[in-house]
Amino acid sequence: MTEESAAASRRRKLTPERERELLRVTAELVAEVGYDRVTMAEVAQRAKCSTATLYRQWENKPRLVVSAWKAYESDRGIDLGRIDTGSLRGDLLAVARFLVSEDPSKDAFASVPPAIVQQSGLMELVREILLQPIRDDLARLLERAVKRGEIDADNPAVAVADQVLLGPWIAQGILYGTPATQELLENIVDAVLLPALVPRPVTV
């Protein structure tokens with residue numbers, strides 16, 4: 001057995017239900033005290049498990065917290081991969097609403113983006129665990145729009161659409177210390193992204 005397969009085998013010892021419980025506890029602690037003040041020991045104490053269990057499953061605090069963030073987004077009941085309203089604007093607005101809570105004050109992970117600039121390796125984990133699956137789903141959404149004829153396949157804006165939409169979602173917390181809002185991302189969709197993807201014909 002290779003080292004990687006042995007590590008994977010150790011991680012599988014947690015049942016899915018127990019894993020979700022540990023991620024839920026992590027989310028609760030992040031919401032209560034913020035990313036910087038959460039420790040593996042505190043999560044273990046509240047979840048009634050050993051710190052060894054947490055380290056075996058997630059390796060370190062940043063990976064645990066980002067994994068909890070992803071689970072938190074999934075638990076909000078919206079599956080980004082299933083979004084298909086039949087129109088490009090409807091799909092993009094649904095993505096915007098998927099990304100942020102209706103009430104920013106209830107965003108359990110609002111303290112994570114500001115920590116990115118201080119925590120080495122945190123952004124890499126955010127990209128790997130949280131952002132890449134969203135980028136993949138967004139790419140499929142745009143591909144459908146191309147097939148429907150809403151977007152030209154050679155439109156260069158398609159290649160940067162994920163940056164235009166996801167950038168403000170992360171940058172709001174880093175630049176201003178507050179979570180992005182639905183209003184902000186909906187404005188990005190209507191004022192920036194849609195005009196780039198579906199430019200209006202020039203009239204003379």
Side-chain angles (χ1 to χ4, degrees), residues 23 27 62-63 65-110 112-117 121-204:
L23 293 174
R63 184 173 289 276
V65 171
V66 177
S67 298
W69 190 1
K70 181 179 180 180
Y72 172 82
E73 294 294 340
S74 298
D75 287 345
R76 288 173 52 216
I78 305 174
D79 184 348
L80 181 56
R82 294 180 180 273
I83 290 176
D84 187 359
T85 67
S87 74
L88 176 61
R89 182 175 186 269
D91 286 352
L92 291 175
L93 289 176
V95 172
R97 291 161 190 152
F98 163 86
L99 291 173
V100 296
S101 169
E102 291 183 8
D103 183 354
S105 67
K106 295 180 180 178
D107 185 348
F109 290 87
V112 177
I116 287 173
V117 297
L122 180 55
M123 188 67 244
E124 181 179 349
L125 289 171
V126 170
R127 282 195 295 265
E128 171 196 340
I129 296 172
L130 185 67
L131 296 184
Q132 191 57 52
I134 294 174
R135 293 180 64 209
D136 292 342
D137 287 335
L138 184 56
R140 285 189 285 270
L141 179 155
L142 294 172
E143 185 179 347
R144 287 201 309 267
V146 169
K147 291 179 178 178
R148 287 196 300 259
E150 293 180 271
I151 306 175
D152 291 336
D154 60 353
N155 186 330
V158 173
V160 296
D162 56 349
Q163 299 176 52
V164 174
L165 187 57
L166 299 179
W169 178 47
I170 295 294
Q172 179 73 16
I174 295 173
L175 293 174
Y176 303 106
T178 58
T181 63
Q182 286 189 2
E183 181 181 10
L184 170 66
L185 295 191
E186 289 171 2
N187 285 340
I188 294 293
V189 168
D190 280 332
V192 182
L193 193 49
L194 276 176
L197 291 170
V198 190
R200 296 178 180 176
V202 177
T203 59
V204 293

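Keep in mind that this is a model prediction, so the values were computed, not measured.
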Excluding sequence neighbours, so at least two apart, what forms side chain to side chain donor-acceptor pair (under 3.5 Å) with [X]?
X    : result
D91  : T85, R144
D136 : Q132
N155 : none

| said: Taking salt bridge (Lys or Arg N to Asp or Glu O under 4.0 Å) as the cut-off, I'd like each qualifying pair that reaches into residues 168-182, sequence neighbours left out, listed once. | reply: none

| task | Could you name each residue pair satisfying salt bridge (Lys or Arg N to Asp or Glu O under 4.0 Å) that touches residues 124-134, not counting sequence neighbours? | result | R63-E128

Sequence neighbours left out, what passes side-chain contact (heavy atoms from CB on, under 4.5 Å) with [X]? Give chain and number order.
X    : result
P62  : Y35, N60, Q119, L122, L125
E143 : K147
A145 : L88, R148, E150, I151

Heavy atoms, side chains only, cut-off 4.5 Å: are [X] and [Y] in contact?
X    : Y    : answer
L23  : S67  : yes
V189 : L165 : yes
W69  : V126 : yes
L92  : L138 : yes

Rounded to the nearest 0.5 Å, how far apart are [atom1] of [X] and [atom2] of [Y]?
X    : Y    : atom1 : atom2 : result
L130 : F109 : CG    : CZ    : 9.5 Å
R140 : L80  : CZ    : CG    : 8.5 Å
E73  : L99  : CD    : CG    : 7.0 Å
I116 : M123 : CD1   : CE    : 4.5 Å

| task | Any pair with a residue in residues 170-195 that passes ring pair (Phe, Tyr, Trp, His ring centres under 6.0 Å), sequence neighbours left out, goes on the list, sorted by first then second residue, please. | result | none

Please name the pair of heavy atoms, one in [X] and one in [Y], separated by the smallest distance, quoted to 0.1 Å.
X    : Y    : value
P114 : G173 : CG-O, 3.2 Å
I134 : L166 : CG2-CD2, 3.9 Å
V164 : I188 : O-CG2, 3.5 Å
A68  : A27  : CB-N, 4.2 Å
P168 : A180 : O-CB, 4.2 Å

| remark: So the side chain to side chain donor-acceptor pair (under 3.5 Å) pairs with at least one residue in residues 163-172 (sequence neighbours excluded) are Q172-T178

Show me the donor-acceptor pairs, under 3.5 Å and distance only, between side chains in residues 191-199 and residues at least two apart or in other chains.
none

| query | Which residues pass the salt bridge (Lys or Arg N to Asp or Glu O under 4.0 Å) test with R135, sequence neighbours left out? | reply | D162

